[in-house]
There are 2 protein chains.
Amino acid sequence: MSKSTLGTAKARREQYGQGGTERGRRTRALLLAAARTVFERDGYLDARVADIVTAAGVSHGTFYTYFDSKLQVFRGVIAEVSAEIQDAVTVPLGERGDRDPSDFVRRLDLSNRRFLDVYRKNHRMLMLMEQMATIDPEVGERRVLGRRRHIERIAASIRRLQREGLVPRDLDPRVAAGALTSMVANFAYHWLAMGEAFDEELAKSTLTRMWLGAIGYTPARS
Amino acid sequence: MSKSTLGTAKARREQYGQGGTERGRRTRALLLAAARTVFERDGYLDARVADIVTAAGVSHGTFYTYFDSKLQVFRGVIAEVSAEIQDAVTVPLGERGDRDPSDFVRRLDLSNRRFLDVYRKNHRMLMLMEQMATIDPEVGERRVLGRRRHIERIAASIRRLQREGLVPRDLDPRVAAGALTSMVANFAYHWLAMGEAFDEELAKSTLTRMWLGAIGYTPARS
DNA sequence: CCTAAATTCGATACCGATGTCGAAAACCGA
DNA sequence: TCGGTTTTCGACATCGGTATCGAATTTAGG
């Protein structure tokens with residue numbers, strides 16, 4: 001053991017595959033970017049490792065120094081996208097700070113809009129993520145977790161509104177949160193990924209309006 | 001030409017592949033049923049033609065007498081399921097007969113419940129259909145058409161309610177119908193196909209309630 | 001029974017993409 | 001310049017599933 005100059009790709013991967021050196025990290029990033037381009041163009045199944053390495057301008061063997069399969073590089077790309085979505089959605093509904101209930105509508109609208117914008121930007125990869133969620137357990141897991149987290153956040157908001165008497169107390173927060181998440185996410189899917197045509201501003205504002213109507217939100221009791 | 005006893009599978013397919021005889025029709029149906037079983041168990045990608053023919057108790061070659069590819073037999077199965085969904089959803093909201101607007105809620109609720117029941121019954125294939133919609137253009141087309149039809153029906157209902165003053169006129173029927181369809185269909189997907197746990201009756205009634213709330217439906221103006 | 005049409009059989013050709021490997025090349029500190 | 005380390009290279013083995021084909025078998029009519 002302790003040979004110098006590792007011979008097999010697998011050994012290299014385990015040794016310094018994550019990018020032990022600046023150069024290595026660059027190549028890895030290059031491959032990740034190229035993979036994304038190819039996936040967006042061809043989809044997961046039709047994408048070939050050969051195309052990815054061509055796009056990255058490296059050789060076939062190099063790919064396997066950094067990823068042990070096409071699937072793994074896909075997961076890598078998806079991880080980036082997921083993080084971006086997470087950010088866009090998480091921030092705005094922030095729990096701390098101004099608790100003024102009248103701000104709720106504004107925050108909700110902002111959250112939805114941010115989500116839709118990020119969705120549009122990444123629609124191709126998100127569509128693939130949706131598809132791969134049923135093929136690869138790990139991608140599926142990631143999708144489920146993202147959704148669960150989001151639902152929990154929404155459910156908490158609903159409960160707060162119920163305590164404040166702005167939403168009927170007999171509405172089940174979990175079911176409602178699930179349905180609302182479905183409404184927004186799936187509408188985005190058909191609109192932005194599948195190309196159903198809608199006027200941008202109309203769609204966004206209608207979505208927020210329906211969101212509020214669905215939970216029976218009553219503006220105020222002045 | 002005009003040989004008797006066709007030699008190649010392709011020729012047979014074109015000649016009497018649809019089932020020229022009772023026996024042939026039976027085998028074809030057998031294969032279709034077996035395919036469905038295997039797809040439901042293994043998914044599309046992992047399903048092998050070898051498994052399908054084993055399940056059907058016929059030989060490999062026979063399969064290709066009736067279908068020219070794994071994809072085509074999948075389309076066949078999907079066609080059956082689509083038809084079943086279509087039926088369940090179409091009937092109840094029927095446009096003729098009792099136009100009593102107070103019946104609307106009842107009809108809507110019934111339609112949603114039927115949809116959810118059929119979805120549960122076929123959840124595995126519907127999940128696969130969702131997946132394949134992004135892989136095979138023909139399946140994708142079918143899905144889009146189904147959704148479009150459904151949206152148009154819903155939009156028409158909304159317009160009627162608007163004319164009757166039960167729903168605000170400034171709500172865009174198309175966007176609303178799209179969002180509602182997304183809400184119900186995608187909620188069903190996560191609940192019935194992905195196994196998110198919800199109480200059955202609670203989920204169903206909440207869905208209808210939110211549906212109505214989302215369009216700003218006002219029961220009556222007595 | 002006999003023949004022709006209809007159906008079934010299953011060994012095999014085929015295929016292309018993935019992932020491996022041994023060695024060359026580039027890099028870096030001394 | 002040198003030795004060791006890190007990275008790159010690209011020809012090639014491997015693999016498993018799809019689809020094919022010519023022959024065998026079954027069916028139905030006369």
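Below, read A as the first sequence line, B as the second, and so on, with proteins coming before strands; counting in each chain starts at 1. Hydrogens, waters and symmetry mates play no part in the numbers below; they use all other heavy atoms, side chains included.
- Distance, B/Phe63 CZ to D/dC21 P: 16 Å, rounded to whole Å.
- Contacts of residues 39-60 of chain A with DNA chain C (heavy atom under 4.0 Å): A/Ala47, A/Arg48, A/Val49, A/His60.
- A/Tyr64 places its OH atom 22 Å from the P atom of C/dA23, with the value rounded to the nearest Å.
- The aromatic rings of A/Phe115 and A/His150 sit parallel, their planes meeting at an angle under 30°, below the 60° perpendicular limit.
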Original post:
Does the side chain to side chain donor-acceptor pair (under 3.5 Å) test come out yes or no for A/Ser182 and A/Arg147, once each step is laid out?
Top reply: CA-CA 9 Å; A/Ser182 282; A/Arg147 178 177 156 93; 3.2 Å; yes
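- The shortest distance between the side-chain N/O atoms of B/Thr62 and the OP1/OP2 oxygens of C/dC9 is below 4.0 Å.
- Residue A/Lys70 places no side-chain N or O under 4.0 Å from the OP1 or OP2 atom of C/dA17.
- In this structure, the OH atom of B/Tyr66 is 11 Å from the P atom of C/dA6, given to the nearest Å.
- Contact check on B/Glu138 versus B/Arg142 returns no salt bridge, with no Lys/Arg side-chain nitrogen under 4.0 Å from an Asp/Glu carboxylate oxygen.
- Under a cut-off of 6.0 angstrom, the local environment of NZ in A/Lys204 is crowded, with over 12 non-hydrogen atoms contributed by other residues, nucleotides or ligands.
- Close to C/dT7, at under 4.0 Å from its OP1 or OP2, lies a side-chain N or O of B/Thr21.
- Between B/Thr27 and C/dT7 there is no side-chain N or O to OP1 or OP2 distance below 4.0 Å.
- The nearest whole Å value for the distance from the CZ atom in B/Arg23 to the P atom in D/dT25 is 13 Å.
- The interatomic distance linking B/Gln72 (CD) with D/dT18 (C1') rounds to 14 Å, in whole Å.
- Between B/Arg113 and B/Asp109 there is a salt bridge, since at least one side-chain N of the basic residue sits less than 4.0 Å from a carboxylate O of the acidic one.
- Sorted by first then second residue, the ring-ring contact (aromatic ring centres under 6.0 Å, His included) pairs that include residues 123-144 of chain B, not counting sequence neighbours, number zero.
- What separates CZ of B/Phe74 from P of D/dT18 is a distance of 14 Å, to the nearest Å.
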